[in-house]
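To keep things clear, I will list the structure first and then write my remarks on it.
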Amino acid sequence: MTVIGVLHPGEMGGAVAAALAAAGHEVLWASAGRSTDTARRAGAAGAVAVGDIDALVARSQVILSICPPHAAGDVAGAVSRFDGVYVDANAVAPANAADIAKQVEAAGADYVDGAIIGPPPRRDGTTRLYLSGASAADIAALFAGTPLQAIVVEGAVTAASALKMAYAGWTKGSAALMLAVQTLAREHGVADALAEEWELSQPGLRERAHTAADSAATKGWRWSGEMRQIAETMDGAGLPAGFHEAAAEIYDRAPRLPADADTERLWNLVLEGLLRR
C-alpha cells in the first residue's frame with residue numbers, strides 16, 4: 001500500500017482516486033476550503049479527508065496533481081515542503097511542466113510528468129495516464145489492475161505533457177473549429193446545406209459537432225486554458241500559435257450550461273454564444 005494525496009478530487013481526480021483506493025492504496029485529500037460537491041466525490045472515491053494541504057504533505061508518499069491548467073503552478077507551490085514523488089497530471093505546456101519540475105525538485109521531491117487522455121476512468125479501456133521521468137515506472141505500477149491504464153513515455157522528463165499537447169491540439173482544437181464553421185454556415189443561411197454535404201462527404205461529422213457543442217458548454221471553461229497551453233507549446237516549437245488561441249476564444253465564448261440541458265437548446269445557445277455582434 002502506498003499513501004497517495006490527490007489534489008484535487010474533481011470529476012477526473014475523483015475517478016482516479018477511486019481507482020487507486022480500489023487497488024488497495026490509502027488515498028488522501030485536503031478538505032479545507034473545498035466545496036460540498038468535492039467532499040461528496042472524495043467520499044464516494046474512498047479518499048480520506050486530512051484537513052489542509054500541509055497535513056496531506058506530511059502523510060503522503062506520492063502526490064498526484066489533477067487540476068485546471070491555470071492552477072497547476074499554484075498547486076505545486078502549495079506543497080513546497082514535499083519530498084516524496086510529485087506527479088503533475090495536468091494539461092500544461094512542456095515548458096511550464098519543466099518549471100513545475102524545478103519548483104518541486106527544489107524541495108527535494110522527485111518529479112513525474114503525467115498526461116491523462118480519455119474520460120474519467122470508471123471502466124477498462126477508456127482512459128490512459130501517460131507518465132515520463134525517472135520514477136515514471138514506479139508510478140505506473142500503482143495503477144496495476146485499475147481501469148486507468150498507465151503507460152511510460154520514453155524521452156524527456158516532460159514527454160507526457162508534450163504528448164498531451166499534441167493529442168488535445170487535434171481533438172479539442174478540431175472540435176472548436178467545427179463549432180466555428182457551423183456558426184459561420186448558420187449566419188449565412190446555409191447550415192442545412194452544410195449538414196447535407198457533411199452527410200455525403202463527411203458522415204458522422206454533424207454528430208461530432210453536437211458532441212463538441214456539449215463539451216464547450218459543460219467543459220469549455222477548462223478547455224480554453226488547455227488551448228492556451230497548446231498555443232504556447234506550438235509557439236515554442238516554431239509553429240503558428242493562432243489556431244489554438246482562436247480555439248481558446250471559442251471555448252471562452254461558449255455559454256456554461258448543465259450537462260443535462262436539452263440537446264437542441266444547448267446546440268442553439270452555444271452557436272449563438274460564439275458570435276460577437
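Below, all heavy atoms of this structure are taken into account, side chains as well, without hydrogens, waters or symmetry copies. In this text, all values refer to a predicted model and were calculated from it rather than measured experimentally.
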query = Could you give the distance from NE2 (H70) to OG (S224), rounded to the nearest 0.5 Å?
reply = 9.0 Å
query = Are side-chain heavy atoms of M178 and L205 found at a separation under 4.5 Å?
reply = yes
Could you tabulate the donor-acceptor pairs under 3.5 Å formed by side-chain atoms of residues 131-149, not counting sequence neighbours?
{"unit_1": "S132", "atom_1": "OG", "unit_2": "V157", "atom_2": "O", "d": "2.6"}
{"unit_1": "S132", "atom_1": "OG", "unit_2": "A159", "atom_2": "N", "d": "3.3"}
{"unit_1": "S132", "atom_1": "OG", "unit_2": "A160", "atom_2": "N", "d": "3.1"}
{"unit_1": "T146", "atom_1": "OG1", "unit_2": "F143", "atom_2": "O", "d": "2.8"}
{"unit_1": "T146", "atom_1": "OG1", "unit_2": "L148", "atom_2": "N", "d": "3.2"}
{"unit_1": "T146", "atom_1": "OG1", "unit_2": "L148", "atom_2": "O", "d": "3.1"}

ask   = Below 4.5 Å, heavy atoms only, C-beta onward: do V16 and L64 meet side chain to side chain?
value = yes
query = Tell me, do I117 and K164 make a side-chain contact under 4.5 Å, heavy atoms counted?
reply = yes
key: Residues which pass salt bridge (Lys or Arg N to Asp or Glu O under 4.0 Å) with R122, listed by chain and number, not counting sequence neighbours   = none
query = D99: what forms a salt bridge (Lys or Arg N to Asp or Glu O under 4.0 Å) with it, not counting sequence neighbours?
reply = none
remark   = In short, G14 meets A45 closest at the heavy-atom pair O-CB, 3.4 Å
query = Going hydrophobic residue to hydrophobic residue with side-chain gaps under 4.5 angstrom, can you get from F82 over to V3?
reply = yes
ask   = Once you round to the nearest 0.5 Å, how far does OH of Y86 lie from OG of S80?
value = 11.0 Å
remark   = Those residues at least two apart in sequence (or on a different chain) that pass side-chain hydrogen bond (donor to acceptor under 3.5 Å, both in side chains) with R81 are D54
task = Please tell me if the side chains of L7 and W29 come closer than 4.5 Å, counting only heavy atoms from C-beta onward.
result = no
ask   = Do I63 and L56 come within less than 4.5 Å of each other through their side chains, counting heavy atoms only?
value = yes
note = The complete set of ring pair (Phe, Tyr, Trp, His ring centres under 6.0 Å) pairs with one or both residues in residues 251-275, sequence neighbours excluded, reads H210-W267, W223-Y251
ask   = Which heavy atom of D83 sits nearest a heavy atom of A107, and at what distance?
value = CB-O, 4.2 Å
query = What residues form a side-chain hydrogen bond (donor to acceptor under 3.5 Å, both in side chains) with E232, not counting sequence neighbours?
reply = N96
inquiry  = Give me the atom names and distance for the closest heavy-atom approach of A216 to A254.
reply    = O-CB, 3.7 Å
request  = Can you sort out the partners of D214 under salt bridge (Lys or Arg N to Asp or Glu O under 4.0 Å), two or more places apart, ordered by chain and number?
outcome  = none
ask   = Just how far is it from atom CD of E187 to atom CG of L275, taken to the nearest 0.5 Å?
value = 4.5 Å
inquiry  = Test of understanding: clusters of I, L, V, M, F, W, Y form through side-chain heavy atoms closer than 4.5 Å, transitively. Do M227 and L179 belong to the same one?
reply    = no
ask   = Under 3.5 Å, is there a donor-acceptor pair linking the side chains of S161 and T158?
value = no
query = With distance as the sole test, does T126 use its side chain to make a donor-acceptor pair with the main-chain N or O of R123 at under 3.5 Å?
reply = yes
task = Of all the heavy-atom pairs spanning Y111 and D113, show the shortest one and how long it is.
result = OH-OD1, 2.8 Å
ask   = Please, which pairs that meet side chain to side chain donor-acceptor pair (under 3.5 Å) have at least one residue in residues 168-179, sequence neighbours excluded?
value = K172-E226
query = Can you check whether D262 reaches L266 side chain to side chain, under 4.5 Å on heavy atoms?
reply = no
request  = Determine whether I66 and L129 fall in the same hydrophobic cluster, where Ile, Leu, Val, Met, Phe, Trp and Tyr are linked whenever their side-chain heavy atoms lie under 4.5 Å apart.
outcome  = yes
note = Smallest heavy-atom separation, A213 atom then V270 atom, equals O-CG2, 3.6 Å
ask   = Say you draw a straight line from CE of M12 to NZ of K219; how long is it, rounded to the nearest 0.5 Å?
value = 8.0 Å
Please tabulate, for the side chains in residues 188-202, all donor-acceptor contacts under 3.5 angstrom to protein atoms that are two or more places apart in sequence or on a different chain.
{"unit_1": "E197", "atom_1": "OE2", "unit_2": "S201", "atom_2": "OG", "d": "2.9"}
{"unit_1": "S201", "atom_1": "OG", "unit_2": "E197", "atom_2": "O", "d": "2.9"}

Min side-chain heavy-atom separation D37-R40 under 4.5 Å = yes
Which donor-acceptor pairs under 3.5 Å do side chains of residues 241-250 form with protein atoms, sequence neighbours excluded?
{"unit_1": "H244", "atom_1": "NE2", "unit_2": "G169", "atom_2": "O", "d": "2.8"}
{"unit_1": "E249", "atom_1": "OE2", "unit_2": "R253", "atom_2": "NE", "d": "3.1"}
{"unit_1": "E249", "atom_1": "OE2", "unit_2": "R253", "atom_2": "NH2", "d": "2.5"}
{"unit_1": "E249", "atom_1": "OE2", "unit_2": "R276", "atom_2": "NH2", "d": "3.0"}

request  = To the nearest 0.5 Å, tell me how far I4 CD1 sits from H25 NE2.
outcome  = 5.0 Å
Hphob cluster co-occupancy, V85 + I53, side-chain heavy atoms under 4.5 angstrom = no
task = Verify side-chain contact (heavy atoms from CB on, under 4.5 Å) between T127 and I116, making sure each step is shown before the conclusion.
result = CA-CA 7 Å; T127 313; I116 299 172; 3.7 Å; yes
In one Ile/Leu/Val/Met/Phe/Trp/Tyr side-chain cluster, 4.5 Å: Y167, V153 = yes
key: Pairing residues for D88 by the side-chain hydrogen bond (donor to acceptor under 3.5 Å, both in side chains) criterion, not counting sequence neighbours   = N90
ask   = Which heavy atom of P69 sits nearest a heavy atom of G225, and at what distance?
value = CG-C, 4.2 Å
query = At what distance, to the nearest 0.5 angstrom, does CZ of R186 lie from CG of L271?
reply = 5.0 Å
task = Using salt bridge (Lys or Arg N to Asp or Glu O under 4.0 Å) as the criterion, list what pairs up with R128, not counting sequence neighbours.
result = none
Beyond-backbone contact of P94 with T233, side-chain heavy atoms, under 4.5 angstrom = yes
